[in-house]
2 protein chains.
Amino acid sequence: MRVLIVEDEPYLAEAVRDGLRLEAIAADIAGDGDSALELLSVNSYDLAVLDRDIPGPSGDEVARRIVASGSGIPILMLTAADRIDDKASGFGLGADDYLTKPFELRELVLRLRALDRRRAYARPPVREIAGLRLDPFRREVFRDGRYVALTRKQFAVLEVLVAAEGGVVSAEELLERAWDENADPLTNAVRITVSALRKRLGEPWIIATVPGVGYRIDTGTARA
Amino acid sequence: MRVLIVEDEPYLAEAVRDGLRLEAIAADIAGDGDSALELLSVNSYDLAVLDRDIPGPSGDEVARRIVASGSGIPILMLTAADRIDDKASGFGLGADDYLTKPFELRELVLRLRALDRRRAYARPPVREIAGLRLDPFRREVFRDGRYVALTRKQFAVLEVLVAAEGGVVSAEELLERAWDENADPLTNAVRITVSALRKRLGEPWIIATVPGVGYRIDTGTARA
DNA sequence: CAACTGCCTTACGCATCCCGGACGGTGGAG
DNA sequence: CTCCACCGTCCGGGATGCGTAAGGCAGTTG
């Protein structure tokens, strides 16, 4: 489990990190909103712990960005006790849990584990590959962070391709997985759907054709 | 915050009560198991502090009853130091925390506050998502802070959708959860209710249709 | 009993999706 | 160069699924 801690007070942040380390939870620290957003874009985290009151973009703003990114990373908000009335707005921004300072490290760990479990069990994993993010639970697809509306068949086909993690999938296999049993083997439905998919997902094209074999998600490794 | 103290030694009980009062925590005292159960049935408490060794029904028995009542009131157990080996059994009976005598008042307060926070988290009576606030207990719904009157069915459906936290819920699943067993599988009651819900909740529409799949709360991640 | 509300079935309009057919483009083999 | 296999894309009709209006039935209230 890997966590991003966004907290502007170094002493507190490091104390939390050290505590989490004992629980085998890896944690990175961002001291302000900008570095938080940068770290989020570079690394992949399972959870985010956000102090609301930080330099640069506020904790609220960072939370909004995380939610909008569609990554589905759960957020635990930290706030000073005297601002507890902000609780509603915190949840409204997409925070999944809330903790008021001062808090016990033990409790933080419990909540983080709870959030991680909830994410892991309740939701099918969000798959990411080559700038493509596919959320089976919400049935949403993002290309480079932008939402892409897909039809049912298009989503089904893309789901199979993404599940293959860049491996080649034959037209027959696509037919078998994304269509029901009684599909005409010599249909060109696959070609049409793939064509539509490419168009919807925009350029650069992310679905590569392997002549005579099938299709695969282009992860860029094959490009010169 | 209101706490029930179950402790047969009057001096200790009152010392604790006075100490808690300074922390703005209201406390009632029960000297034995029977009066504890009576007070629990009459008043509503946020927490219970139980001495294991009391006259009448034991602390263990009282704890069992509290858990069985389904009220979800967290329990902090007190025990003499020489019986610390009972710790496991105490937790087994549903105690949420544990303290051995003698203890410092300061520590008791800290633990009570922690328990109260955890309770607030463990069963959030109010769910919030995307500007929607839903109170299952009072059967009330607010959209952006404004009250919205809903019928029973409408509320039930919205409850399921909100519980899914933005995930897609199929019409079948809605039927299964918001209607009783004998629902016609090919009814369009769901569509009618969703339609009415959308109208009641006003614009912008907060329930999105995922064609061929189901419905979900629109958290806004799909726009922008 | 009358009026009302909540709830569901029937029915219909409408948008969208899906796929067969046809056509054009491309690259390799002869 | 010509042929051919394979692939991408446009078009149009049929099918599907969704939204909503209208009416009836049951339970509740005054």
Side-chain angles (χ1 to χ4, degrees), chain A residues 139-141 147-161 168-218 222 224, chain B residues 139-141 148-161 168-218 222:
Chain A
R139 289 208 99 86
E140 287 176 345
V141 173
Y147 174 74
V148 180
L150 296 183
T151 72
R152 189 156 53 128
K153 273 286 179 287
Q154 291 162 9
F155 191 90
V157 168
L158 186 60
E159 211 171 5
V160 175
L161 287 174
V168 179
V169 182
S170 70
E172 290 81 13
E173 193 165 346
L174 279 175
L175 259 185
E176 193 174 313
R177 299 205 178 205
W179 275 260
D180 29 27
E181 322 66 43
N182 45 10
D184 182 356
L186 36 92
T187 180
N188 65 353
V190 174
R191 290 187 297 165
I192 294 181
T193 305
V194 169
S195 170
L197 257 180
R198 280 203 258 251
K199 205 176 296 178
R200 292 259 175 123
L201 292 173
E203 301 189 26
W205 284 345
I206 206 170
I207 301 178
T209 300
V210 184
V213 184
Y215 303 90
R216 63 177 182 81
I217 299 294
D218 189 350
Chain B
R139 305 240 112 187
E140 286 177 345
V141 172
V148 180
L150 296 183
T151 71
R152 285 193 307 270
K153 271 288 180 285
Q154 289 163 9
F155 190 89
V157 168
L158 186 60
E159 206 172 8
V160 175
L161 288 174
V168 178
V169 183
S170 70
E172 290 81 15
E173 194 165 344
L174 281 175
L175 260 185
E176 194 174 311
R177 299 205 176 203
W179 274 259
D180 32 28
E181 329 58 58
N182 44 13
D184 182 358
L186 35 92
T187 181
N188 67 354
V190 173
R191 292 187 296 169
I192 304 266
T193 305
V194 168
S195 174
L197 259 179
R198 280 204 256 251
K199 209 175 293 178
R200 290 265 175 111
L201 292 173
E203 302 189 23
W205 283 345
I206 206 170
I207 302 179
T209 300
V210 183
V213 184
Y215 301 91
R216 64 179 179 82
I217 299 295
D218 189 349

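Note that this is a predicted model, so its numbers are computed, not measured. Naming: A, B, ... by sequence-line order, numbering from 1 per chain.
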Legend entry - Side chain of B:Trp205 (C-beta onward), nearest among C:dC17, D:dT20, C:dC19: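 Within the option list, the nearest is D:dT20.
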Nearest 0.5 Å please: distance from the [atom1] atom of [X] over to the [atom2] atom of [Y].
X	Y	atom1	atom2	answer
B:Leu197	B:Thr151	CG	OG1	7.5 Å
B:Ile207	B:Asp218	CD1	CG	10.5 Å
A:Leu201	A:Gln154	CG	CD	8.5 Å

In whole angstrom, what separates [X]'s [atom1] from [N]'s [atom2]?
X	N	atom1	atom2	value
A:Arg200	D:dG8	CZ	P	18 Å
A:Phe155	C:dC17	CZ	C1'	17 Å
A:Glu172	D:dC6	CD	P	11 Å
B:Ile192	C:dC7	CD1	P	12 Å
A:Ile207	D:dC7	CD1	P	15 Å
B:Leu186	D:dG17	CG	C1'	14 Å
B:Arg191	C:dT9	CZ	C1'	11 Å
B:Leu174	D:dC18	CG	P	12 Å

Kindly say if [X] contacts the phosphate of [N], meaning a side-chain N or O under 4.0 Å from OP1 or OP2.
X	N	answer
B:Ser195	D:dG19	no
A:Arg152	C:dC17	no
A:Trp179	C:dC18	no
B:Tyr215	D:dG17	no
B:Thr151	C:dT5	no
A:Lys153	D:dT16	no

Legend entry - Test item: A:Arg216 side-chain N/O and A:Val169 main-chain N/O as donor-acceptor pair under 3.5 Å: no
Legend entry - Donor-acceptor pair present, B:Asn188 side chain and C:dT9 base, under 3.5 Å: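 When only heavy-atom distances are counted, B:Asn188 does not reach the base of C:dT9 through any donor-acceptor pair under 3.5 Å.
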Inset, instruction - Would you indicate whether A:Arg198, at its atom CZ, is surrounded by more than 12 heavy atoms from other residues, nucleotides or ligands within a distance under 6.0 Å? - result: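 Count over threshold, so yes.
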Legend entry - Which residue lies more 5' along DNA chain D, comparing A:Val213 with A:Lys199 via nearest heavy atoms: A:Val213
Legend entry - Most 5' of B:Pro211 and B:Gln154 on DNA chain C, judged by nearest nucleotide: B:Gln154
